[in-house]
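These notes concern the structure reproduced below.
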Amino acid sequence: MDNPLLATDRLPAFHAIEPAHVEPAIDTVLAENRATLERLLADGGPYTWEGLVAPVEAMNERLMRVFSPVSHLNSVMDSEALRAAYNACLPRLSAYDTELRQNTALYEAYRAVAERDDFAALPAERRAAVEHALRDFRLAGVALAPQAKRRYAEIASRLSELSARFQEQLLDATGAWHRDLTDTGALAGLPESALGVARQAAEQAGVSGYRLTLEFPSVQAVLTHADDRALRREVYEAFTTRASEVGPHAGQFDNGPVMDEILALRHEQAQLLGFDNYAELALEPRMARSVDEVMGFLEDLARRSVPRAREEFAELESFARERDGLERLEAWDATYYSEKLRQARFGLSPEDLRPWFPASRVMEGLFKVVERLYGLHITPGGDGVETWHPDVGFHEIRDADGGLVGQFYTDLYARAHKRGGAWMDVCRSRNALADAVQVPVAYLTCNFTPPVGGAEALLTHDEVQTLFHEFGHGLHHMLTRVGVPSVAGISGVPWDAVELPSQFMENWTWEREALDAFARHHETGEPLPESLFGRMRAARTFQSAMQMVRQLEFSLFDMRLHAEYDPDTGARVQAVLDEVRGQVAVMRPPAFNRFANGFAHIFAGGYAAGYYSYKWAEVLSADAFSRFEEEGLFSQEAGGAFRHWILERGGSEDFMTLYRGFRGREPSIEALLRHSGLAA
Ligand code: ZN
């Protein structure tokens, strides 16, 4: 069979990829890789970088290249057939991965490479690749007794199935609910942009009127703008009970048992390796050194922000009481009244900014900012490059001398069968191990409010920030100079440092000098008026302490869930969440709220015992940006240094060393507190 997934010498042929190609392609590559490995280890050494590590890197990179379009399509073009094919591959991939990491002969061979006299003379990226691999061998149980080793492998395989199940049930629960309305009466308060989306959703479903869904833009529009309190409650309840044993689809897609099993297995896995709990295991490859250090970090931020957050909440309560005589501010009221309070105080609604952020101009502006900072050129690229949907764009990044640096796909708008949220994913990594250097390619995915009726999409400032954020991840992946795939780009970067380049980029969406490059009225072309800009800046720290404690709530919940697991009592998911809320939350959600059942970050993504990374990296990103506050927003020197020390180096060196190289000192928390309006 002519399998397009195996044609890895060019970009994925998305039109040609069928679900039926998936399993044969993966089986072929896995069989080839196993044969390669056997051949590499056949003569028992002596082992060298070129003879062992380079070919292992190459074969793993090829596997990633074959599977990446599959997992990407599974996220953005979900279908029953593709889902089945994808799921059929997961246990095979997990088994292969475990087999590789638990391969004693391979482990010994890597050790032999690391113990060679000439090892220290290898370039840093090669040494890092070997050292990371040795660590990963140990964390996969290579040194365990045979029975424990087998159990570890079983757990790894089961965990990959459970994560996929968690994500599917969440997606199915999200898709299962909708509310059709025939007239706008019940939708009073919703802006035209949201009504348009609801109208379009109804049209696509073949019904008349308006359809509300649980896709994020729809939920957010109702909770922020709908005057009808009962409607807000209904949507809030449907959204916060997704995939649980309560709510409109109670028990139908319940992630409760999935979470319990995931947490039990993670704990068992950690214990097999000699750790007290999963949080300790997860912290091994991170910047943070211990659970205590992370908890101390989070609790320090809580001490600094909870009192201010309580004040902000009290303001909100009294505002709602005065405005509408609300006796009790409920969870489904908070966003709505926050929006009204913001308008009253700053005369500014996120909707007011949309006309100045037409999507195409924002993209151009983002490119201009990046071009100026790093001396690059970004152009629409790739004649004949295939995509998976008409909305998808493709661009190329070139260096000052015209050399191709990276390429990326953009898929910006929410639609059915597309996973919610925004993310950057790897299509292929930089690889300089072969004769020709393989250029890195990224997928940038967002879920913005889609354009309605042929008009251009107008973004909120939040959406603009999200785009800059994901592009920051993209730059980290695409500007890398590292040529060893396992430590190139975002690979091999400690998880708690990964959000540095992304959060860093968001800063440029708040600066006049940058905004002038792209914030133009979609009809008149006028720049963002000074009064509007002033109000936007003034509102930046609006309720920032409340936002901070919300992030701390998620972080503390995640860390405690993994650090305190006790087999005798089970996971106690809701109990731990309630305790954490008692400690830091300013608003207690209703008893039916099942936030954890939709917390895909830690149950289906890579953030287990790692949600704190957002705040951890925010300290780094705010501190990094403060160098630009000191030296100029478009300082060539600071931009060049950031590119050189952070964006180009991937996981090839100790991250703190790289950071010090850029900043000339260790990071300080001062800039984050100042940007959040929490400085003493
Ligand atoms: Zn991110």
Side-chain angles (χ1 to χ4, degrees), residues 4-5 7-8 10-19 21-22 64-79 81-83 86 171 197 200-201 204 215-217 357-367 370 378-398 404-429 439-459 463-464 466-475 477-478 502 518:
L5 286 169
T8 46
R10 50 191 161 85
L11 290 168
F14 287 105
H15 294 314
I17 298 172
E18 301 285 342
H21 294 129
V22 174
M64 192 282 292
R65 235 183 311 150
V66 171
F67 194 59
S68 147
V70 176
S71 96
H72 180 66
L73 287 174
N74 186 55
S75 295
V76 299
M77 297 291 280
D78 179 46
S79 73
L82 181 60
R83 195 190 274 200
Y86 173 81
L171 196 60
V197 172
Q200 193 157 292
Q204 282 164 1
E215 278 166 43
F216 190 67
F357 294 128
S360 64
R361 265 191 189 280
V362 172
M363 286 283 279
E364 280 168 34
L366 165 66
F367 297 165
V370 167
I378 302 176
T379 49
D383 280 342
V385 169
E386 289 186 23
T387 71
W388 53 93
H389 190 274
D391 284 353
V392 177
F394 185 81
H395 288 79
E396 296 186 338
I397 304 183
R398 289 182 185 277
L404 185 63
V405 174
Q407 299 169 308
F408 58 95
Y409 300 88
T410 51
D411 183 354
L412 299 185
Y413 304 111
R415 61 173 177 266
H417 307 294
K418 179 173 167 183
R419 177 152 70 83
W423 67 92
M424 188 284 294
D425 208 351
V426 173
C427 176
R428 49 180 58 186
S429 301
V439 163
V441 182
Y443 303 113
L444 296 163
T445 310
C446 299
N447 270 279
F448 297 152
T449 311
V452 175
E456 169 152 42
L458 302 174
L459 308 185
E463 291 176 331
V464 174
T466 299
L467 184 64
F468 274 63
H469 177 107
E470 297 310 332
F471 205 70
H473 284 307
L475 290 173
H477 172 60
M478 292 183 282
S502 51
F518 63 93

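Residue pairs meeting the side chain to side chain donor-acceptor pair (under 3.5 Å) criterion with at least one member in residues 384-394, sequence neighbours excluded: Trp388-Asp411.
Between Arg83 and Asp78 there is a salt bridge, since a side-chain N of the basic residue sits under 4.0 Å from a carboxylate O of the acidic one.
The side-chain heavy atoms of Ser68 and Asp425, taken from C-beta on, include no pair separated by under 4.5 Å. Within the 4.5 Å cutoff, no side-chain heavy atoms of Ile17 are placed close to those of Met77. Considering only heavy atoms from C-beta on, His72 stays 4.5 Å or farther from Cys427 through its side chain. Contact annotation: the side chain of Leu459 never approaches that of Thr466 to less than 4.5 Å [non-hydrogen atoms, C-beta and beyond].
Residues passing the side-chain hydrogen bond (donor to acceptor under 3.5 Å, both in side chains) test with Glu463 are Thr449, sequence neighbours excluded. Contacts of Arg65 classified as side-chain hydrogen bond (donor to acceptor under 3.5 Å, both in side chains), with partners at least two apart in sequence or in another chain: Glu61, Gln438. For Val405, the side-chain contact (heavy atoms from CB on, under 4.5 Å) criterion is met by Ile397, Asp399, Leu479, not counting sequence neighbours. By the side-chain contact (heavy atoms from CB on, under 4.5 Å) test, Ala81 is found to be paired with Pro19, Ser79, residues two or more places apart in sequence or in another chain being considered. Legend: residues meeting side-chain contact (heavy atoms from CB on, under 4.5 Å) with Asn447, ordered by chain and number and at least two apart, are Ala414, Lys418, Trp423. With sequence neighbours left out, the side-chain hydrogen bond (donor to acceptor under 3.5 Å, both in side chains) criterion links Gln407 to Glu396. Shown here are the ring pair (Phe, Tyr, Trp, His ring centres under 6.0 Å) partners of Phe518, two or more places apart in sequence or in another chain: Phe468. Take Phe367 and apply the ring pair (Phe, Tyr, Trp, His ring centres under 6.0 Å) test, not counting sequence neighbours, and it matches His395, Phe408, Phe471. In this structure Pro451 satisfies the side-chain contact (heavy atoms from CB on, under 4.5 Å) test together with Tyr413, Ala457, sequence neighbours excluded. With sequence neighbours excluded, the residues satisfying side-chain hydrogen bond (donor to acceptor under 3.5 Å, both in side chains) with Ser360 are Glu456.
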Inset, instruction - Determine, step by step, whether Tyr443 and Val76 satisfy the side-chain contact (heavy atoms from CB on, under 4.5 Å) criterion, reporting the C-alpha distance in whole Å, the side-chain angles of both residues, the deciding distance to 0.1 Å, and the verdict. - result: CA-CA 11 Å; Tyr443 303 113; Val76 299; over 6 Å; no
Legend entry - His477 vs His473, side chain to side chain donor-acceptor pair (under 3.5 Å): CA-CA, chis, key distance, verdict: CA-CA 6 Å; His477 172 60; His473 284 307; over 6 Å; no
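Contact between Leu11 and Val441 at its shortest, heavy atoms only, is CD2-CG2, 3.9 Å. Met424 approaches Leu444 most closely through the heavy-atom pair CG-CD2, 3.6 Å. Scanning both residues, Leu467 and Leu366, for their nearest heavy atoms gives CG-CD2, 4.0 Å.
In this structure, Arg428 contributes its side chain and Thr8 its backbone to a donor-acceptor pair below 3.5 Å.
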